[in-house]
Protein chains: 2
Amino acid sequence: MSARTSAISEKRRRELVHAAYKQIAEGGFEGLRTREVAAEVGVNIATLHYYFPTKESLIGGVLEYAMGRFRTTLEPHGSPSDQLRNHLRAVRKLMVAQPELAAVMGELTLRSSRDPAVRAIVDGMFATWQSTMRGLLRRAVKNGTLPAQQDSGAVAGLVIAAIMGSTLPQVDPKRGDQAIRQLERLLGI
Amino acid sequence: MSARTSAISEKRRRELVHAAYKQIAEGGFEGLRTREVAAEVGVNIATLHYYFPTKESLIGGVLEYAMGRFRTTLEPHGSPSDQLRNHLRAVRKLMVAQPELAAVMGELTLRSSRDPAVRAIVDGMFATWQSTMRGLLRRAVKNGTLPAQQDSGAVAGLVIAAIMGSTLPQVDPKRGDQAIRQLERLLGI
DNA sequence: GAGCCTCCATCAAGTGTTTAATTAGCCGGC
DNA sequence: GCCGGCTAATTAAACACTTGATGGAGGCTC
């Protein structure tokens with residue numbers, strides 16, 4: 001929080017957050033035990049509480065970490081003409097390459113309906129994503145790479161819903177990819 | 001389990017399962033406490049364990065209940081020509097009308113990646129849904145109400161992914177509906 | 001009264017959190 | 001140079017409470 005956090009201290013924090021992140025990925029919030037997090041890093045349980053006063057604050061760290069990870073891939077890149085295509089591919093690839101992130105995102109999304117603090121951040125992330133996506137869609141239409149759409153907002157919502165839905169654990173990765181490719185086809189990308 | 005379970009006994013079971021169901025809906029698996037379930041029904045904790053030897057078995061009951069609830073709306077109805085449309089509407093309506101069910105489905109879906117018993121059932125449900133959907137799509141194409149599709153399986157997967165994704169808690173119901181309507185438009189329903 | 005059902009009391013194993021103490025390194029003054 | 005205090009970082013050991021589960025005693029109904 002404060003400006004002067006020593007390098008070693010910052011490292012410890014990251015270690016702890018990352019351990020908790022992995023823990024949540026494989027066991028859900030239900031399976032998150034502060035003791036195990038500490039053990040995985042190889043420190044005493046009290047050390048964990050030295051850096052994160054409460055379990056809640058540790059979860060906060062994980063939330064921040066996961067969101068950061070996700071946000072980076074949301075930033076569009078490549079030539080404007082195929083930014084939309086790149087974007088879809090990138091997000092989908094990320095979710096397949098890092099099932100841990102997909103799992104944690106799922107947990108956080110679900111938790112956001114009960115935890116206002118989580119909700120605020122997750123909501124913000126989705127809002128950003130939605131508006132990014134809408135921008136890409138509009139640009140693609142103006143560009144000519146995409147047939148005109150009535151409601152770019154609704155399309156953006158659909159794309160996001162489809163991506164999130166296709167990363168749910170029961171859908172094996174192949175089916176998820178198929179679904180997204182099918183969406184691209186329908187959209188005319 | 002056995003054939004002769006008295007009416008009152010069966011009622012108790014249902015009460016307990018339903019209480020657990022509500023509990024999971026509002027607090028996730030993380031927040032499921034057998035004591036609270038028993039308290040909500042108004043019985044002693046030991047009574048709960050009389051009907052459900054373990055917490056796991058209680059969750060099994062909830063799983064069965066939720067799946068049953070979901071499955072009923074999956075059955076297509078109406079005239080064959082607009083069964084597909086009805087189906088989409090029905091599922092979507094269900095998820096909006098019963099946010100509890102959506103929440104529990106989400107929890108179960110996430111849990112299915114860690115719990116083999118849950119996975120088996122949830123997977124089965126999705127498989128059924130997928131093939132039902134594919135059947136509807138094919139019939140609609142043959143019917144003429146839907147333009148020809150290359151891969152009905154992929155389309156079915158997309159529809160399912162979109163529906164599941166649109167019921168995630170952070171998407172407010174209006175956006176979710178928009179997304180599904182947009183999907184209908186794209187599909188040409 | 002037999003059998004299904006319910007409760008009281010209790011256990012053992014965790015669970016997040018805290019307390020008091022220890023170590024290591026740094027800095028200023030003598 | 002070195003010493004005493006200061007702070008950051010870490011630890012062992014518990015604390016207070018929760019949680020799933022049990023055993024045995026009694027009750028209600030047919």
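We name chains A, B, ... by the order of the sequence lines, and we start the count at 1 in each one.
In this structure, the CD atom of A/Glu10 is 15 Å from the C1' atom of D/dA8, given to the nearest Å. In this entry the distance linking CG of B/Leu48 with P of C/dC5 reads 14 Å, nearest Å. Nucleotide C/dC11 holds its P atom 17 Å from the CD1 atom of B/Ile45, rounded to whole Å. Atom C1' of nucleotide C/dG16 and atom CG of A/Asn44 are separated by 13 Å, given to the nearest angstrom. Atom-to-atom, CG of B/Leu58 to C1' of D/dT19 comes out at 14 Å; the value is rounded to the nearest Å. Rounded to whole Å, atom C1' of C/dT6 lies 16 Å from atom CZ of B/Phe52. In this structure, OH of A/Tyr51 is placed 20 Å from P of C/dG16, rounded to the nearest angstrom. One can place NE2 of A/His49 at 9 Å from C1' of C/dT18, the figure rounded to the nearest angstrom.
Residue B/Thr47 has a polar side-chain atom (N or O) positioned under 4.0 Å from OP1 or OP2 of C/dC7. Distances shown here put a side-chain N or O of A/Arg12 below 4.0 Å from the OP1 or OP2 atom of D/dT10. Between A/Thr34 and C/dG16 there is a side-chain polar atom (N or O) within less than 4.0 angstrom of OP1 or OP2.
Heavy atoms of A/Arg35 sit under 4.0 angstrom from at least one base atom. Contact annotation for B/Leu32: backbone-only contact, meaning every heavy-atom pair under 4.0 Å involves sugar-phosphate atoms and none involves a base.
Put simply, the side chain of A/Arg13 gets close to the backbone of A/Tyr51: a donor and an acceptor are under 3.5 Å apart. No donor-acceptor pair closer than 3.5 Å links the side chain of A/Gln23 to the backbone N or O of A/Arg33.
Closest contact between the side chain of B/Tyr50 and the listed nucleotides C/dT6, C/dC8, D/dG20 involves C/dT6.
Residue A/Glu36 is the one, among A/Glu36 and A/Ala46, whose nearest nucleotide of DNA chain C lies closer to the 5' end (criterion: closest heavy atom).
The closest side-chain heavy-atom distance from B/Arg69 to B/Tyr65 is below 4.5 Å. In this structure the side chain of A/Val141 never reaches within 4.5 angstrom of the side chain of A/Ser152, judged on heavy atoms.
For the pair A/Arg111 and A/Phe29, the cation-pi test (distance below 6.0 Å, angle within 45°) is passed.
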